[in-house]
Amino acid sequence: QVQLVESGGGLVQAGGSLRLSCAASIRAFSLSSMGWFRQAPGKERTFVAAINWSGASTYYDDSVKGRFTISRDNAKNTVYLQMNSLKPEDTAVYYCAVGMRPIPTTYRETYNYWGQGTQVTVSS
């Protein structure tokens, strides 16, 4: 059974930092691309960042490029999202997901397992 558990969310002031973690209990974690998405109240879930199986290739939404960094530790079956220079508009529930393709995409439909989400709130 696949299980993804996110952690590291919380309340932070604008300009602050948070590091999200996603621990995955899947056999082929080291062969899977991984992604982070977020969903603000009343809005659709949108792409934030993704990483390929080895960690050599990363992808970001323009809104977080230069502020967020995705990384992974295949020995720990964990993917991370380092978030710096946070803005109030980053407030959302953040979800990690397992990609179905070796090269990750920005489309939710190409991710087949999801975590329960972790709340990130950025105050102004």
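Note: hydrogens, waters and symmetry copies are ignored here, and every other heavy atom, side chains too, is used.
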| query | Counting only heavy atoms not in K65, do more than 12 fall under 6.0 Å of its NZ? | reply | yes
| field | Residues which pass side-chain hydrogen bond (donor to acceptor under 3.5 Å, both in side chains) with R101, listed by chain and number, not counting sequence neighbours | value | none
| query | Roughly how far apart are R38 CZ and F68 CZ, rounded to 0.5 Å? | reply | 5.5 Å
| request: For the residue pair T105 and T110, confirm or rule out a side-chain donor-acceptor distance under 3.5 Å. | output: yes
| field | Heavy-atom neighbours of I103 CD1 exceed 12 at 6.0 Å | value | no
| query | Going by heavy atoms in the side chains, are Y94 and Q119 under 4.5 Å from each other? | reply | no
| Step by step, would you call S17 with N84 a side chain to side chain donor-acceptor pair (under 3.5 Å)? | CA-CA 4 Å; S17 298; N84 298 329; 2.9 Å; yes
| task | Test side chain to side chain contact (heavy atoms under 4.5 Å, CB included) on T121 and V12 and set out the steps. | result | CA-CA 6 Å; T121 303; V12 65; over 6 Å; no
| Under 4.5 Å between side-chain heavy atoms, hopping through other hydrophobics if needed: is there a path connecting Y113 to I70? | yes
| message | Does L4 form a side chain to side chain contact (heavy atoms under 4.5 Å, CB included) with V98? I'd like the steps, not just the answer. | response | CA-CA 9 Å; L4 303 175; V98 180; 3.8 Å; yes
| Is the charged tip of R19 near the ring of Y80: under 6.0 Å from the six-membered ring centre and within 45° of its axis? | yes
| field | Distance in Å, I51 CD1 paired with S32 OG, rounded so as to fall on 0.5 Å steps | value | 12.5 Å
| said: Do R72 and F29 form a cation-pi contact, if we require the NZ or CZ to be under 6.0 Å from the six-membered ring centre and within 45 degrees of the ring's axis? | reply: yes
| query | How many angstroms lie between atom CD of Q3 and atom CD of Q116, to the nearest 0.5 angstrom? | reply | 8.5 Å
| said: So which atom in G8 and which in L18 form the shortest heavy-atom distance, rounded to 0.1 Å? | reply: O-CD2, 3.8 Å
| request: Group every Ile, Leu, Val, Met, Phe, Trp and Tyr by side-chain heavy-atom contacts under 4.5 Å, then state whether I26 and W36 land in the same group. | output: yes
| Please walk me through it: do Y60 and T69 pass side chain to side chain contact (heavy atoms under 4.5 Å, CB included)? | CA-CA 8 Å; Y60 298 94; T69 303; 3.8 Å; yes
| So do the side chains of L20 and E6 get within less than 4.5 Å of each other, counting heavy atoms only? | no
| task | Evaluate the criterion ring pair (Phe, Tyr, Trp, His ring centres under 6.0 Å) for residue pair Y111 and F37; output intermediate values, then yes/no. | result | CA-CA 10 Å; Y111 294 81; F37 287 73; 5.0 Å; yes
| field | Side chains of E44 and T46, donor plus acceptor under 3.5 Å | value | no
| query | Same hydrophobic cluster for F47 and L86, using side-chain heavy-atom links shorter than 4.5 Å among ILVMFWY? | reply | no
| task | Could you tell me whether a side-chain N or O of T78 sits under 3.5 Å from a main-chain N or O of K76, the two making a donor and an acceptor? | result | yes
| Does N77 use its side chain to pair, donor to acceptor, with the backbone of S25 at less than 3.5 Å? | no
| Nearest non-hydrogen partners of M34 and C22, listed with the distance | CE-SG, 4.4 Å
| request: Please name the pair of heavy atoms, one in V48 and one in V64, separated by the smallest distance, quoted to 0.1 Å. | output: O-CG2, 3.6 Å
| query | Is R45 positioned over the aromatic face of Y95, cation under 6.0 angstrom from the ring centre and no more than 45 degrees off axis? | reply | yes
| message | Applying side chain to side chain contact (heavy atoms under 4.5 Å, CB included) to T58 and N52, what does each step give before you reach the verdict? | response | CA-CA 7 Å; T58 56; N52 77 328; over 6 Å; no
| How long is the span from the CG atom in D90 to the OG atom in S63, to the nearest 0.5 Å? | 7.0 Å
| Same apolar cluster: V93 and L81, side chain cutoff 4.5 Å | no
